[in-house]
Amino acid sequence: MTIDVAREKRDARDHPSDARMKALSIERNGDTRFPVCSAADMDNNLDTVNNAWYGPNCRQR
């Protein structure tokens, strides 16, 4: 059981939640240290409300 819990914690740390990725991408808007998110990265998702891509290692715009 403890192995499963440790694995889940590791996965949560390594793979941020969708809401967390979106929030981080929005916070990074205008920060040129991060590339603009696009469909080219498999980890990115499309925010259909704002019509912009977001992901764990990029900025939305």
Side-chain angles (χ1 to χ4, degrees):
M1 174 109 166
T2 58
I3 293 173
D4 290 336
V5 172
R7 183 178 300 133
E8 288 175 8
K9 285 182 181 179
R10 184 191 67 228
D11 288 346
R13 183 187 70 234
D14 293 342
H15 303 290
S17 70
D18 193 57
R20 178 80 177 129
M21 280 194 310
K22 185 184 289 188
L24 285 173
S25 293
I26 291 170
E27 286 176 19
R28 294 179 188 138
N29 282 350
D31 189 347
T32 58
R33 295 177 295 174
F34 295 95
V36 175
C37 299
S38 69
D41 190 356
M42 290 177 43
D43 293 334
N44 294 348
N45 296 320
L46 180 62
D47 179 3
T48 56
V49 173
N50 296 321
N51 197 26
W53 291 92
Y54 64 93
N57 300 315
C58 57
R59 59 187 162 107
Q60 207 172 52
R61 295 180 189 180

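Starting from 1, each residue takes its place in the sequence as its number. Here the structure is a predicted model, which means the values were calculated and not measured.
- A search for side-chain contact (heavy atoms from CB on, under 4.5 Å) contacts involving Asn57 returns nothing, not counting sequence neighbours.
- Among residues at least two apart or in separate chains, salt bridge (Lys or Arg N to Asp or Glu O under 4.0 Å) pairs with a member in residues 25-36 are Asp31-Arg33.
- With sequence neighbours excluded, no residue satisfies side-chain hydrogen bond (donor to acceptor under 3.5 Å, both in side chains) with Asn51.
- Contact detail for Ser38 and Asn44: the closest heavy-atom pair is O-ND2, 2.8 Å.
- The nearest pair of heavy atoms linking Gly55 to Cys37 is N-SG, 3.5 Å.
- Remark: Asp41 pairs with no residue by the side-chain hydrogen bond (donor to acceptor under 3.5 Å, both in side chains) rule, at least two apart or across chains.
- For the atom pair Gln60 CD and Ile26 CD1, the distance stands at 4.5 Å (nearest 0.5 Å).
- In this structure, Trp53 shares a hydrophobic cluster with Leu46, the cluster being traced through Ile, Leu, Val, Met, Phe, Trp and Tyr side chains under 4.5 angstrom apart.
- Remark: Asn50 pairs with Asp47 by the side-chain hydrogen bond (donor to acceptor under 3.5 Å, both in side chains) rule, at least two apart or across chains.
- Taking both residues in full, the closest heavy atoms of Cys58 and Pro35 are given as CB-O, 3.1 Å, listed atom of the first, atom of the second, then distance.
- Separation of atoms CG (Leu24) and CZ (Arg59) is listed at 14.5 Å; rounding is to 0.5 Å.
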